[in-house]
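Accompanying notes for the structure given below.
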Amino acid sequence: MAVLELDRLSRQFELTPGFVERVIQRKKPSYIKAVERLSISIGENEILGIAGESGCGKSTTCTMVSGLLDPTEGDIRFRGNSILGLKGAAIKDYRRAVQMIFQDPYESLNPRFRIVDIVAEGPRALELWGADEIKRRSLAMLDAVGLPSGKYAERFPHELSGGERQRVGIASALVMEPEVIIADEPLSMLDVSIRAGILDLLREMQAERGFSSLYVSHDLSILGNVADRLLVMYLGQAMEIGPAEEVIRNPKHPYTKALIGAVPIPDPRSRREVPNIRGEISKPIDPPPGCRFAPRCPYANASCNETFIEMKTGDSSLHQAACHRLDEIANAGL
Amino acid sequence: MSSSGASHKLHGLRLALGEHYRIINSNKLSQFGFWVIVVFTVIALLAPWLAPYDPWEMTYDSEGNFASLRPPSWEFPMGTTHLGYDLFSQLILATRTTLLIGVVSGFISIVIGANVGLIAGYYGGKVDEVLMRITDILYGMPFLPFIIVLIALFGRKLEFIILAIVLIIWRTSARVIRAQAMSIKQRQFIQMAKARGASDFRIIYFHILPNVMPLLLLYAAFNIAWSIITEASASFLGFGDGETISWGGMLYELWLSGKTRVAWWWFASPSVCIILLVVSLVFVSRAYEEVANPRLRKR
Ligand SMILES: Nc1ncnc2c1ncn2[C@@H]1O[C@H](COP(=O)(O)OP(=O)(O)OP(=O)(O)O)[C@@H](O)[C@H]1O
Ligand code: SF4
Ligand SMILES: [Mg+2]
């Protein structure tokens, strides 16, 4: 059974017009559809990568899944049960089970907490164990992420480097013994030279502890490396999903093709055709109901703006793309 | 609060002792201010043992003459009043009252101000609106008419003077701390605390509060200074507690005696004390302000 299921998950943000526009021009508020009808499932021990350009709704999805932001529509189910409107002990259980690793290690650690207290904060807040046990586990967790507790426990965040801080962030999530880890671009703020080390740590921990992950990045080469499955998003919509290797080697969706075309390919023989993309990425403000990629898609036709294509969940080996002209594009050899 | 939380209640709250030391020694003025405060505190604590006379005891000099309106001398280091009261003794005992009023009303007002500010800033929305409307109303309230009404209703009692001072003073700290809480709330480590399961209470008092601590200490010092000035003005205008003696009260009695022009020494010592203590508090709080607001450091 899927550990986590997102069922037509949507989130829109209201853009309230200014007072003058509202009163004099009678302008109605418009909506940014940051995430629209996103349906995916994550299996036991699986790493689902989410790729997409800036502003496509990756972080919004992560904050909804971690329970920090309410969706405007749709549902999130954890082991079959909806998490929306959970109260009391049930929400505490979910908070423990699903942990987030933040993007910015400089902003996400409380500057007035000692390192050991940052790691111990989750267990203390949820009263998972007794005080001594929490301390013991927190110190052990620091050791496990490569920060010898004797040296680091009593320090403050500003005394650590970016990579060390990100390790603290990882420790503070893993000490909760989560079942799902949400990592929202955990490497992007780090120096290139230390990314590999943090990535190895994440992989190692996953292998050792066996949790499922939602791993967000706009670096496809990293995702191809770590993720079992890959979801490609564009302006809030799912464009393509499937086994990571297959999506990268054999993309179906015009957008994914373009995206992968923009990534350097190490093997010179496998040069790919790149469909030319017109125009600029925009914000999904009051968009038409259909395919969000239509304004830039070289294959778009009149019906693209009309119909929304839903992805199937359940079968994780399925490679699917949300484009209604897939066959035509393939047949025409475009 | 369970045992696991309780034992670590204060872990984020403490500014390390070394940090205080560094802040106070960061410049000459705050060092000076710190020692003035220490001296006044010691005087206040030991007042009954330090004062050679009762504050309302008629004194006689070594030759047995009634010591009325004597300028400072070896016998009466700060002179005497027209009724022969020893001003040195009065000053020492008044230090106790003034400091007590200053510290108690400063402390209560910062506790109220901090809580109102933190809660309004953190929750925002309706809660914020209601709390800030209340502070606005208090802002519109002038101090003197307010204390006159209060004293008229309840009499010249220390408790009511403190109450009046607190009601007037907490509003400024509430506003400043609210603004600070609003900006800290946006920081990502608050999101992280939420993601780890921290309750609103925990976020406000364990995560935000330690980050407004330097500002809080700054305003605590500020509030004490304001309380002292406010008490002095109230006492000088005759709204002080008649049973105890304070610096402002000493000036009030000078005024009543009609000897203002003659007895400069009677006027000098309480005024100098008020100025010295208030200025010292400002010096120390300035040093804390540089921690709270690093942009000042460059100047
Ligand atoms: N609180 C908010 N209010 C209004 N709009 C928002 C809010 N949060 C996000 N958005 C908008 O929603 C869209 C998706 O944002 P999101 O942060 O999820 O993107 P992202 O994929 O994480 O981008 P990045 O790669 O830059 O982190 C953006 O257009 C953004 O401007
Ligand atoms: S649905 Fe239409 S616009 Fe969207 S990718 Fe397919 S062809 Fe292009
Ligand atoms: Mg993001």
Side-chain angles (χ1 to χ4, degrees), chain A residues 59 62-63 65-69 88 91-114 116-135 138 154 156-157 165 168-169 172-176 178 181-182 184 189, chain B residues 1-20 22-23 114 118 122 124-125 177 180-181 183-217 288 291-294:
Chain A
S59 296
C62 289
T63 36
V65 174
S66 57
L68 298 178
L69 179 72
I91 188 72
K92 278 192 169 184
D93 281 347
Y94 184 72
R95 286 243 183 270
R96 187 197 62 75
V98 177
Q99 282 304 316
M100 181 137 165
I101 294 171
F102 287 83
Q103 177 175 14
D104 188 346
Y106 295 91
E107 258 297 300
S108 60
L109 306 184
N110 192 328
R112 298 226 152 250
F113 275 40
R114 286 175 198 279
V116 60
D117 292 322
I118 293 175
V119 177
E121 178 58 13
R124 281 177 189 159
L126 293 180
E127 298 170 4
L128 292 183
W129 309 289
D132 295 339
E133 179 69 3
I134 290 177
K135 180 103 183 202
S138 305
E154 296 298 316
F156 285 98
R165 286 170 185 227
V168 174
S172 73
L174 292 183
V175 74
M176 312 279 280
I181 282 283
I182 301 160
D184 187 1
M189 303 292 286
Chain B
M1 191 64 45
S2 88
S3 63
S4 68
S7 63
H8 298 282
K9 225 179 214 160
L10 292 173
H11 66 82
L13 269 180
R14 57 174 186 236
L15 271 173
L17 215 60
E19 206 171 335
H20 288 295
R22 194 179 53 71
I23 292 168
L118 285 170
Y122 177 72
I177 286 160
Q180 185 87 350
S183 92
I184 290 174
K185 181 180 97 170
Q186 311 289 335
R187 306 262 310 263
Q188 210 177 37
F189 62 80
I190 298 300
Q191 283 282 308
M192 168 135 144
K194 272 188 204 165
R196 300 286 179 263
S199 60
D200 287 343
F201 177 87
R202 205 175 161 90
I203 288 174
I204 292 174
Y205 293 103
F206 291 11
H207 291 265
I208 299 181
L209 180 58
N211 283 283
V212 298
M213 215 42 181
L215 194 72
L216 213 66
L217 292 174
Y288 276 93
V291 179
N293 186 359

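This is a predicted model, so every value here is computed, not measured. A note on names: the letters A, B, ... follow the listed sequences, proteins ahead of strands, and every chain is numbered from 1. Basis for what follows: all heavy atoms, side chains included, without hydrogens, waters or symmetry-related copies.
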Count the heavy atoms of every other residue, nucleotide or ligand shown that sit under 6.0 Å from CG of A:D132, and state whether that count exceeds 12. no
So, the part of A:I182 with a heavy atom under 4.5 Å from chain B: the answer is neither
Given heavy-atom pairs under 4.5 angstrom as the criterion, report whether the side chain, backbone, both or neither of A:L109 touches chain B. both
Of all heavy-atom pairs between B:I190 and B:H207, which one has the smallest distance, and what is that distance? CD1-CB, 3.9 Å
Identify which of [options] forms the greatest number of heavy-atom pairs closer than 4.5 Å to chain B.
options	value
A:A120, A:S172, A:P178	A:S172
A:K92, A:M176, A:Q99, A:E133	A:Q99
A:A173, A:G67, A:G169	A:A173

Side-chain contact, heavy-atom cut-off 4.5 Å: A:I134 with A:E121? no
Option in B:R196, B:M192, B:R187 with maximal non-hydrogen atom pairs under 4.5 Å from chain A: B:R196
Once rounded to the nearest 0.5 Å, what's the spacing between atom CG of A:D104 and atom CE of A:M189? 3.5 Å
A:R124 side chain vs A:W129 backbone, donor-acceptor pair below 3.5 Å: no
